[in-house]
Amino acid sequence: MPSPSPTETQPPTTRAKVESAVIWVAFALYLVFLAKLLLFSRVPGSERSLNLIPFASIGNYLDGPAGVRRFAFANLAGNVLAFVPLGAYLTFLRRRARLWSNLLVVAAVSVAVEILQWMLAVGASDIDDVLLNCVGGLIGVLAVVGLRRALRFEVVRTVIAVASVLAVPVLGFLGFVVRLRL
């Protein structure tokens, strides 16, 4: 059996505690932002549609006129980018979980969001959104896995904490300037 790393046997430093608290708070803020963006930025009952055919919406976007393609790019990129932090946070916070386990959580969250959007009639429930969200989650998972392989845990924690602090103003910008009415 391998011996525990020094960080597992020593009590956490004040810096480690602060960084961990920053990460947890930023993760909570991200989850609130994600819920607001995906579930509470539209009036309930305003929109309900369902697509269970993989790549149908993506194909329609890519075949549409230029104005639709611009909207499509923002929609497709937004679906991917919105779930990158979820994959990253899960991988960092669930250190002992396997890659597939974190991806399963990302997929479950995405499916739950799509079901809630359909039930509340606050968006288009689309299998393509689930696929794109999973791609974003995978990017986040792989980013943290790559950091872990390249750097010591303490450095990875610092990188995640700094990225979390930098992300808060971005969420604020998106929340207020883009008028998500946070």
Side-chain angles (χ1 to χ4, degrees), residues 1-39 54-55 57-58 72-117 125-175:
M1 173 177 249
S3 62
S5 69
T7 57
E8 293 177 17
T9 58
Q10 297 174 350
T13 63
T14 301
R15 177 180 172 166
K17 290 177 185 177
V18 168
E19 288 174 347
S20 294
V22 164
I23 291 167
W24 278 103
V25 167
F27 182 48
L29 289 172
Y30 161 74
L31 291 175
V32 168
F33 171 78
L34 195 62
K36 174 65 175 164
L37 174 68
L38 300 175
L39 298 173
F55 306 107
S57 296
I58 294 171
F73 175 77
N75 189 20
L76 299 175
N79 274 303
V80 171
L81 292 175
F83 276 72
V84 170
L86 182 60
Y89 280 123
L90 286 173
T91 304
F92 178 77
L93 296 171
R94 302 175 71 220
R95 290 195 304 241
R96 301 199 189 285
R98 297 198 181 271
L99 183 137
W100 65 267
S101 174
N102 288 328
L103 288 177
L104 189 61
V105 172
V106 169
V109 168
S110 181
V111 168
V113 164
E114 296 302 317
I115 290 170
L116 286 169
Q117 283 180 336
S125 300
D126 194 329
I127 191 67
D128 290 350
D129 290 350
V130 173
L131 296 172
L132 293 166
N133 295 343
C134 288
V135 168
L138 177 63
I139 291 168
V141 166
L142 293 177
V144 173
V145 167
L147 284 173
R148 280 187 181 160
R149 289 189 177 157
L151 305 169
R152 291 186 346 262
F153 174 77
E154 296 80 11
V155 178
V156 173
R157 184 184 55 235
T158 300
V159 168
I160 301 288
V162 168
S164 295
V165 167
L166 295 175
V168 170
V170 172
L171 293 178
F173 171 78
L174 292 173

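Residues Ser101 and Ala97 share a closest heavy-atom pair of OG-CB, 4.2 Å. Taking each heavy atom of Pro169 and Leu166 in turn, the nearest pair found is CD-O, 3.2 Å. Across every non-hydrogen atom of Val156 and Leu147, the tightest pair is CG2-O, 3.5 Å.
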Could you walk me through whether Leu131 and Phe55 pass side chain to side chain contact (heavy atoms under 4.5 Å, CB included), step by step?
CA-CA 9 Å; Leu131 296 172; Phe55 306 107; 4.0 Å; yes

Could you walk me through whether Leu93 and Trp24 pass the side chain to side chain contact (heavy atoms under 4.5 Å, CB included) check?
CA-CA 9 Å; Leu93 296 171; Trp24 278 103; 3.6 Å; yes

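Going from atom CG of Leu31 over to atom CZ of Phe27 covers 4.0 Å, rounded to the nearest 0.5 Å. Note: Leu132 CG to Ile127 CD1 = 10.5 Å, rounded to the nearest 0.5 Å. Taking OG1 from Thr91 and CG from Asn102, the interatomic distance works out to 4.0 Å, rounded to the nearest 0.5 Å. For the atom pair CG of Asn75 and CG of Asp129, the computed distance is 6.0 Å after rounding to the nearest 0.5 Å. The distance from atom CG of Leu29 to atom CG of Leu34, rounded to the nearest 0.5 Å, is 12.5 Å. Atom CG of Leu90 sits about 14.5 Å away from atom CZ of Arg95, to the nearest 0.5 Å.
No donor-acceptor pair closer than 3.5 Å links the side chain of Ser110 to the backbone N or O of Val106. Judged by distance alone, the side chain of Asp128 and the main-chain N or O of Ser57 form a donor-acceptor pair under 3.5 Å. Distance alone, capped at 3.5 Å, is enough to place a donor-acceptor pair between the Gln117 side chain and the Leu38 backbone. In this structure, the side chain of Ser125 does not engage the main chain of Ile115 through any donor-acceptor pair within 3.5 Å.
The shortest side-chain heavy-atom distance between Val135 and Phe83 does not fall under the 4.5 Å cut-off. When side chains are defined from C-beta on, Val144 does not count as touching Tyr89, because their heavy atoms never get closer than 4.5 Å. Between Val130 and Cys134 there is a side-chain heavy-atom pair separated by less than 4.5 Å. You'll find the side chain of Ser164 stays beyond 4.5 Å of the side chain of Tyr30, heavy atoms only.
Annotation for Arg15: atom CZ does not count as buried by contact number, only 12 or fewer foreign heavy atoms lying within 6.0 Å.
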